[in-house]
Amino acid sequence: MPEPLIGVTTYLEPAAWGVWSVPAALLPAAYPAMVHRAGGLAVLLPPDPDPGAARSVVARLDGLVIAGGADVEPVRYGAEPDARTGPPARDRDAWELALIDAALDSGTPLLGICRGMQLLNVALGGTLVQHLDGHTGGPGVFGRHRVTPVPGTRYGSLAPEPVEVPTYHHQSVDRLAPPLTASAHADDGTVEAVELPGTGWVLGVQWHPEASDDLTVTRGLVAAATG
């Protein structure tokens, strides 16, 4: 059986290399490497100027990863920006929300990572805490803390025991979207994983599995995409 094709969303940022300084579709190499190590084939999905293309894109995929990155623009969940909220990435917000909608409608397995989990919550009607402390190791450095699974959830079946995870975020779930279930928490009560109950495979994690050797959630995605 061929490896499942897993789409991974990217940044759209100014970048420089050699003699060039141009806008570029960027993604830390750890994301496609994570997909490959879990048994999938990774294809990168830069923001498309036409979010309507999302359905055609998702129709060609076996699974989808919404990657980490910039803060979700607060207008997306009816809030005013906090002074500590970063600048918006409107192209990414529009594109990734369209991809999430398409994946949910089609039943395509979906994994949201950090921003991706937050965006999944917003897409389904939830809101975000715009700033919290203690979930990074400092600028540009991953922190580590424990997450504890909720028994009986999809994530709990993948990882039934508490684990230490790499973390880098200052935003988190505030009001959980009504369709979602919280499936892991940090010791301070922060929601660290969410999922959509039912027959489809939809999971969001607040931490960064691509920065770890632990392939538990990525293998879960690849298995669902293979089936």
Side-chain angles (χ1 to χ4, degrees), residues 6-9 27-28 30-35 37-40 42 63-72 92 96-97 99-100 103-104 108-124 126 128-129 132 134-137 142-174 176-177 179-198 200-225:
I6 308 296
V8 188
T9 61
L27 185 72
Y31 281 96
M34 172 187 73
V35 171
R37 288 187 292 124
L64 175 65
V65 175
I66 306 295
D71 294 341
V72 179
R92 276 196 74 181
E96 293 177 351
L97 284 167
L99 288 172
I100 289 170
L104 294 177
T108 302
L110 169 64
L111 173 62
I113 294 175
C114 196
R115 163 191 162 87
M117 182 187 109
Q118 296 161 14
L119 204 57
L120 173 63
N121 187 55
V122 169
L124 291 172
L128 302 179
V129 174
L132 75 165
H135 287 255
T136 77
F142 286 104
R144 293 192 67 85
H145 66 63
R146 183 173 65 174
V147 298
T148 300
V150 175
T153 61
R154 178 176 292 113
Y155 175 70
S157 69
L158 292 171
E161 300 297 330
V163 293
E164 293 281 323
V165 296
T167 180
Y168 195 91
H169 58 274
H170 80 111
Q171 299 199 323
S172 64
V173 167
D174 184 11
L176 186 66
L180 293 174
T181 295
S183 49
H185 296 87
D187 289 348
D188 66 3
T190 300
V191 174
E192 289 284 334
V194 300
E195 59 191 57
L196 190 62
W201 201 97
V202 178
L203 178 66
V205 297
Q206 185 69 78
W207 64 91
H208 284 268
E210 82 283 359
S212 169
D213 292 331
D214 185 352
L215 294 173
T216 298
V217 295
T218 318
R219 283 179 176 145
L221 172 68
V222 169

Separation of [Y] [atom2] from [X] [atom1] (nearest 0.5 Å):
X    : Y    : atom1 : atom2 : result
R37  : D213 : CZ    : CG    : 6.0 Å
Q206 : S172 : CD    : OG    : 6.0 Å
L215 : L158 : CG    : CG    : 12.0 Å
I66  : L99  : CD1   : CG    : 5.0 Å
H169 : L128 : NE2   : CG    : 11.0 Å

Side chain to side chain contact (heavy atoms under 4.5 Å, CB included) between H185 and T190: does it pass, once the steps are laid out? CA-CA 5 Å; H185 296 87; T190 300; over 6 Å; no

Hey, mind stepping through L110 and L120 against side chain to side chain contact (heavy atoms under 4.5 Å, CB included) and telling me if it holds? CA-CA 10 Å; L110 169 64; L120 173 63; 4.1 Å; yes

Between the side chains of H170 and H135, is a donor N or O closer than 3.5 angstrom to an acceptor N or O? no

Answer with yes or no whether the side chains of T181 and E195 bring together a donor and an acceptor at under 3.5 Å. no

Using side chain to side chain contact (heavy atoms under 4.5 Å, CB included), reason through L97 and L119 one step at a time and then give a plain yes or no. CA-CA 7 Å; L97 284 167; L119 204 57; 3.8 Å; yes

Test your reading of the model: is there a side-chain donor-acceptor pair from [X] to the backbone of [Y], 3.5 Å cut-off?
X    : Y    : result
T9   : A67  : yes
N121 : A177 : yes
Q118 : Q171 : yes
R154 : G198 : yes
R115 : A70  : yes
S212 : P209 : no

Derivation and outcome, side chain to side chain contact (heavy atoms under 4.5 Å, CB included), residues V147 and W207: CA-CA 9 Å; V147 298; W207 64 91; 4.0 Å; yes

Nearest heavy-atom neighbours spanning [X] and [Y]:
X    : Y    : value
V191 : A182 : CG1-CB, 4.1 Å
L196 : P179 : CD1-O, 3.4 Å
V222 : A38  : CG1-O, 3.6 Å
A30  : E210 : CB-O, 3.4 Å

Answer yes or no: is there a side-chain heavy-atom contact under 4.5 Å between [X] and [Y]?
X    : Y    : result
P149 : E161 : no
E192 : V205 : no
T136 : T167 : no
S183 : L203 : yes
I6   : L64  : no
M117 : V194 : yes

Would you confirm whether the ring centroid of H208 sits within less than 6.0 angstrom of the ring centroid of Y168? no

For the rings on W201 and Y155, is their centre-to-centre separation under 6.0 Å? no

Using a cut-off of 6.0 Å, state whether more than 12 heavy atoms not belonging to R144 lie near its atom CZ. yes

